[in-house]
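Working notes, beginning with the structure itself.
From a predicted model like this one, the values you see are computed outputs, not experimental measurements. Remember, it's 1-based here, ligands and their atoms both numbered in the order they're listed. All residue numbers in this chain count up from 1 along the given sequence.
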Amino acid sequence: MDNTPSQATPILRLEHVFKRFGGLTAVNDVSVDIYPGEVIGLVGDNGAGKSTLIKMISGVYRPDGGRIYLGEEEITLSSPMEARNLGIETIYQDLALCENLDATVNIFLGKEPLRRMLGIFNQVDRPHMLEESHKVLDRLDIKIPDLSKPIRQMSGGQRQAVAIARALYWNARLVIMDEPTAALGVPEQRKVHELVHTLKDNNVPVIIISHNLQDVFATADRIVVMRRGSKVGDLLAQDTSGDELVSLMVGVD
Ligand SMILES: Nc1ncnc2c1ncn2[C@@H]1O[C@H](COP(=O)(O)OP(=O)(O)OP(=O)(O)O)[C@@H](O)[C@H]1O
Ligand SMILES: [Mg+2]
């Protein structure tokens, strides 16, 4: 059964996407449509192809076959920066942010505003960055006492929050999260769930990969199940159960 809403144009459309590593087909003919404000849970056992699939959307890998559309336009991405510039933000537990830099710099990374000094040379506009960072973090109800602390000294939840603030500030068209709560305590997991809801309320679709089915049920509207590279399920979260997902993930051979 096709559970995707049909009224709107998808923000992202994957059509028959393949990725091979040598003799191994990591992603095998996967098609998915993602609509505005939709939260997609992407689940599957270890090695099912989830990370490989999202890496093709975030510009890390090029597909060996198939097409990817962002809105109406077919895209071919040659780098993660290109994906970011198109509004595709990917958030990994640890990798998304620059450890040595503070939250403000991370929110503006690669897009720092410049201010003309003495009418001659341009300088990064730190006061503006700081003010804007405070605004977006307040909007998300995120409390980071010291914005000048390097990211390295922040908790996993705070890092997630900064990455999400960046996505929201730059009006991301799509946010991808790979195991966002894997290393978090329960209150921080809740905060990530809240942030996913905030993105959804802002009509930004989210793809969330998680081994934790509680995460998936707390956030997802629709759940895509992968097994051995193939999509084996595409279900409305409200119509399925953990047991059903697990049997799809494990399969019957
Ligand atoms: N760069 C790579 N080179 C060779 N094989 C790879 C590479 N990346 C992934 N694979 C293989 O592709 C398959 C899919 O891996 P992938 O990382 O996408 O799985 P996953 O669903 O994200 O798993 P996990 O839940 O463990 O993160 C696996 O068999 C993996 O060993
Ligand atoms: Mg993975």
Side-chain angles (χ1 to χ4, degrees), residues 12-34 39-68 75-84 88-97 156-157 159-160 163-164 167 174-184 188-189 192-193 196 205-220 222-235 237 240 242-253:
L12 183 82
R13 160 166 281 179
L14 304 180
E15 271 184 17
H16 305 293
V17 168
F18 281 86
K19 180 71 194 172
R20 299 183 189 90
F21 294 110
L24 178 111
T25 303
V27 170
N28 187 5
D29 192 14
V30 171
S31 300
V32 188
D33 288 345
I34 296 164
V39 180
I40 304 283
L42 182 57
V43 302
D45 213 347
N46 294 113
K50 308 177 296 294
S51 294
T52 305
L53 184 71
I54 60 117
K55 283 177 180 167
M56 289 187 280
I57 308 168
S58 62
V60 177
Y61 296 144
R62 276 209 185 201
D64 293 316
R67 292 163 187 275
I68 301 177
I75 54 170
T76 38
L77 301 168
S78 45
S79 71
M81 191 43 103
E82 201 178 330
R84 257 194 88 191
I88 300 171
E89 280 283 346
T90 307
I91 298 168
Y92 301 96
Q93 177 63 39
D94 298 313
L95 301 178
L97 303 167
R159 292 170 193 219
Q160 291 285 318
I164 291 169
L174 171 71
V175 171
I176 302 170
M177 305 170 103
D178 196 348
E179 299 285 354
T181 63
L184 303 185
E188 291 197 311
Q189 289 180 13
V192 170
H193 296 167
V196 171
V206 181
I207 302 175
I208 179 165
I209 297 181
S210 184
H211 275 104
N212 177 349
L213 292 183
Q214 262 180 324
D215 260 0
V216 174
F217 280 110
T219 51
R222 195 147 60 85
I223 302 173
V224 169
V225 188
M226 289 185 71
R227 177 158 50 98
R228 294 190 189 164
S230 301
K231 178 170 117 172
V232 293
D234 191 331
L235 311 127
T240 187
D243 286 347
E244 186 179 14
L245 294 179
V246 170
S247 47
L248 282 167
M249 274 155 45
V250 175
V252 215
D253 290 315

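- Ranking the protein heavy atoms by distance from atom 26 (O) of ligand 1 puts N46 ND2, 2.8 Å first.
- When side chains are defined from C-beta on, V27 does not count as touching F18, because their heavy atoms never get closer than 4.5 Å.
- Of the protein's heavy atoms, L24 CD2, 3.6 Å lies nearest to atom 11 (C) of ligand 1.
- For the pair L53 and ligand 1, the shortest N or O to N or O distance does not fall below 3.5 Å.
- Nearest protein heavy-atom neighbour of atom 25 (O) of ligand 1: K50 NZ, 2.7 Å.
- A heavy-atom distance below 4.5 Å is not found between the side chains of I91 and P180.
- Nearest to atom 1 (N) of ligand 1 among the protein's heavy atoms is Y61 OH, 3.2 Å.
- Side-chain atoms of S210 come within 3.5 Å of backbone atoms of N212 as a donor-acceptor pair (strictly under, hydrogens ignored).
- Annotation: atom 14 (C) of ligand 1 to nearest protein heavy atom, G47 O, 3.3 Å.
- A heavy-atom distance below 4.5 Å is not found between the side chains of P205 and L12.
- Within the 4.0 Å cut-off (strictly below), no protein heavy atom is located near atom 30 (C) of ligand 1.
- In summary, the atoms of ligand 1 found under 4.0 Å from a heavy atom of H211, numbered by their order in the structure, are 25 (O).
- Taking CD1 of I223 as the reference point, atom CG of L248 lies at 10.0 Å (rounded to 0.5 Å).
- For ligand 1, none of its N or O atoms has an N or O atom of F21 under 3.5 Å away.
- Atoms of ligand 1 lying under 4.0 Å from at least one heavy atom of A48, given by number and element, are 19 (O), 20 (P), 21 (O).
- Ligand 1 has no atom lying under 4.0 Å from any heavy atom of V27.
- With hydrogens and angles ignored, the 3.5 Å screen pairs no side-chain donor or acceptor of E244 with any backbone N or O of T240.
- Annotation: atom 15 (O) of ligand 1 to nearest protein heavy atom, T52 OG1, 3.7 Å.
- A 4.5 Å side-chain heavy-atom check between V32 and I207 finds every atom pair outside the cut-off.
- Distances under 2.8 Å from the Mg ion (ligand 2) pick out the protein N/O/S atoms S51 OG.
- Between V246 and L213, the closest side-chain pair of non-hydrogen atoms falls below 4.5 Å.
- How far CD1 of I34 is from CZ of R13: 11.0 Å, rounded to the nearest 0.5 Å.
- Using a 4.0 Å cutoff on heavy atoms, G49 counts as a contact of ligand 1.
- Taking both residues in full, the closest heavy atoms of S58 and A83 are given as O-CB, 3.5 Å, listed atom of the first, atom of the second, then distance.
- A heavy-atom distance below 4.5 Å is found between the side chains of D234 and R222.
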Per-pair distances, 0.1 Å, donor-acceptor, side chain in residues 41-57, under 3.5 Å, sequence neighbours excluded:
from, atom 1, to, atom 2, distance (Å)
K50, NZ, G44, O, 2.9
K50, NZ, D45, O, 3.1
S51, OG, D178, OD2, 2.9

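- Nearest to atom 17 (O) of ligand 1 among the protein's heavy atoms is S51 CB, 3.8 Å.
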Exercise for the section: Evaluate side-chain contact (heavy atoms from CB on, under 4.5 Å) for V224 paired with V30, printing each intermediate quantity in order. Expected result: CA-CA 10 Å; V224 169; V30 171; 5.8 Å; no
